[in-house]
Amino acid sequence: MKLALGPLLYYWPRQSVVRFYEEIARSSVDIVYLGEVICSRRHELRLSDWLDLAAALEAAGKEVVLSTQALTESESDLRTLRRIAGNGRFPVEANDMGAVNVLAGAAPFIAGPHLNVYNPHTLSVLAGLGVRRWVMPVEMPRHVLEDMQHARPAGVETEVLAFGRLPLAFSARCFTARRNNLPKDDCRFSCIDHPDGLPLDTLEGAPFLVLNGIQTQSAHVHCLIADLDDLAGLGVDAVRISPQSRHTADVIALFRQRMIGALDAAAAARELEQLAPGATCDGYWRALPGMTPPGNAP
Amino acid sequence: MTTTNGLPPTGKSARIELVCPAGNLPSLRAAVDNGADSVYIGLRDNTNARNFGGLNFELPAARDGLDYAHRSGTKVLLAINTYPQPATWQRWTRAVDTAAGLGFDAVIIADAGLMRYAVRTHPQLRIHLSVQGSATSYEAINFYHRHFNVRRAVLPRVLSLAQVEQVIRNTPVEIEVFGFGSLCVMVEGRCALSSYVTGESPNMTGACSPAKAVRWEQKASGLEARLNGVLIDRYGANENAAYPTLCKGRFKAGDDVYYAIEEPASLNALELLPELDRIGVAAVKIEGRQRSPAYVAAVTRVWRQALDACAQGTAAPQPRWSEELRRMSEGQSHTLGAYHRPWK
């Protein structure tokens, strides 16, 4: 199995992003997804900057993929999409069907986690258009993935999110701007104040969700490190780690140690809990509510 | 001819079709009798996104409904708009076969694999792209047109009016938009909040914040609404309690307690009808297959009158229409949603 680093979902100052990927270049991760997936207003890095980072990571031996924005609304969003699709060098992760339409037949591409691939028939439609890897939807349980693996088209790899806050929803509304009583069009780029998103608790103070601009994430951190043998047994080709502002390189190192058998599953899970930005959960994998903590019954 | 924004007219159909919901036969009759051009329904299983107990149609009721509607020249559409999973794939293809066999006027589908099945097996069957398909740009809509001959797309409640117009200008596919009813603040088809908390989601189960996960508890601090144990809202003695749809609860960010995602309000785009007409919207959809026949009757009647007035060029919304719709609304407040830029 390969180790993949998903796209950076938060909005960080340019220098923080550059430093982050310098560290990633030295890490043992195999695949790096790059680019702005959440919001077209975020501008600390332009496409040319992302391409520079991509070249540096490729030179460090990483497989680099450019990710497209998940929610496309405007003509300007489509122009950005076409520029990414036409980059001519790096493969692209399509995060909506508009991206699929632009990429189909042009070059091999990756079907991102937001494409709603829930059955082998849909995967085969995409395979026919050039998909060479698909990322499982976050809410898909193990038993459905097992069925998918039996029927997946030849030559298509499978990637599964194994660590990170769950990307649960997208909206036209910016919840970070709403938090600050600002209109989306004049958001003052408030996301930059929240390097791991804006925590939202229930009225009794329990961590519940994390607001990240137009995206809503789980407060709990989805974690499948205890299931890596199972994932490998199911023929999963890559597991994805989602970037966070602290400890991402340590998380990658821990996954690598577990994958080469230098750590047992329980020890790895215990260590990972110290590095996660919230309590861990794995309910989706076990066909339970996604927020369910590891080991818990429903 | 010029238009208010200086652009030429789109040249698409001037008469907007009224598409109304029915969760049972009495609602279907109410929609037909009050002037719906189309009624959309679902079968009684998880192939549709309103998979609620006691709702939806067994085959005999579907046959009766089709007969009743077709006698009045009203079309009936079958929503097969959840995402099929491998082990139960045949349930979804059977639903498509049923639609073709019984003479439904179109199927409303979200899943690309199921669309491929429909177009290959029943090439005469008209396919509409469900809002659950999350197509928010003409590139996405044209994808479904190119590969599956989709004839109409229902837009997620995401785009501003100017963005809807941009879509219409760049696709041969008819565009249907939501006009009235409960408001999803998230992009439809891209929301797993419900399964995160309850294990059931619109995509996989056809349910959001399902009733079986709801618990009400009267505490000293107020009336608490929980969803699978998670506190969604707490109401004081003088507050109206709303159903705990989890995106419409009150939460805490720092020290602030507020409706962090969305207030319990309904979408009402009635006042936008002249604009929707001008930009070439083909159909307006009323949400609410879970609502009563009386609700369907009242909302359909108001929208029929408004659309007829719009077609005759006397489009100004009448106060009594708005008042009647307001009484029907969740939380009794209205919003223009994403059509109105400041909402975002």
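A quick note: this is a predicted structure, and the numbers were derived from the prediction, not measured.
- At distances below 3.5 Å, at least one donor-acceptor pair connects side-chain atoms of A:N116 with backbone N or O atoms of B:G189.
- Without hydrogens or angle criteria, B:Y83 side chain to A:V117 main chain gives no donor-acceptor distance under 3.5 Å.
- The candidate from A:D185, A:D186, A:L115 with the greatest count of non-hydrogen atom pairs under 4.5 Å with chain B is A:D185.
- Both the backbone and the side chain of B:V185 come within less than 4.5 Å of a heavy atom in chain A.
- For A:L209, the part lying near chain B is the side chain, with the backbone staying farther off; criterion is any non-hydrogen pair under 4.5 Å.
- In this structure, chain A has heavy atoms under 4.5 Å from both the backbone and the side chain of B:A87.
- Residues A:P289 and B:V197 approach most closely at CB-O, 3.4 Å, considering heavy atoms.
- Atom CZ of A:R82 is surrounded by more than 12 heavy atoms from other residues, nucleotides or ligands within 6.0 Å.
- For a residue to count as touching a neighbouring chain, one of its non-hydrogen atoms must lie under 4.5 Å from one of that chain's; by this rule A:A287 does not touch chain B.
- In this model, a donor atom of one side chain and an acceptor atom of the other lie less than 3.5 Å apart for B:Y138 and A:E75.
- Of the two parts of A:T72, the backbone and the side chain both hold a non-hydrogen atom closer than 4.5 Å to a non-hydrogen atom of chain B.
- For chain B, no part of A:H150 is nearby; none of its heavy atoms comes within less than 4.5 Å.
- Side-chain atoms of A:R179 do not come within 3.5 Å of backbone N or O of B:A260 as any donor-acceptor pair.
- Aromatic ring orientation, A:H121 versus B:W89: parallel (interplanar angle below 30°, classes split at 30° and 60°).
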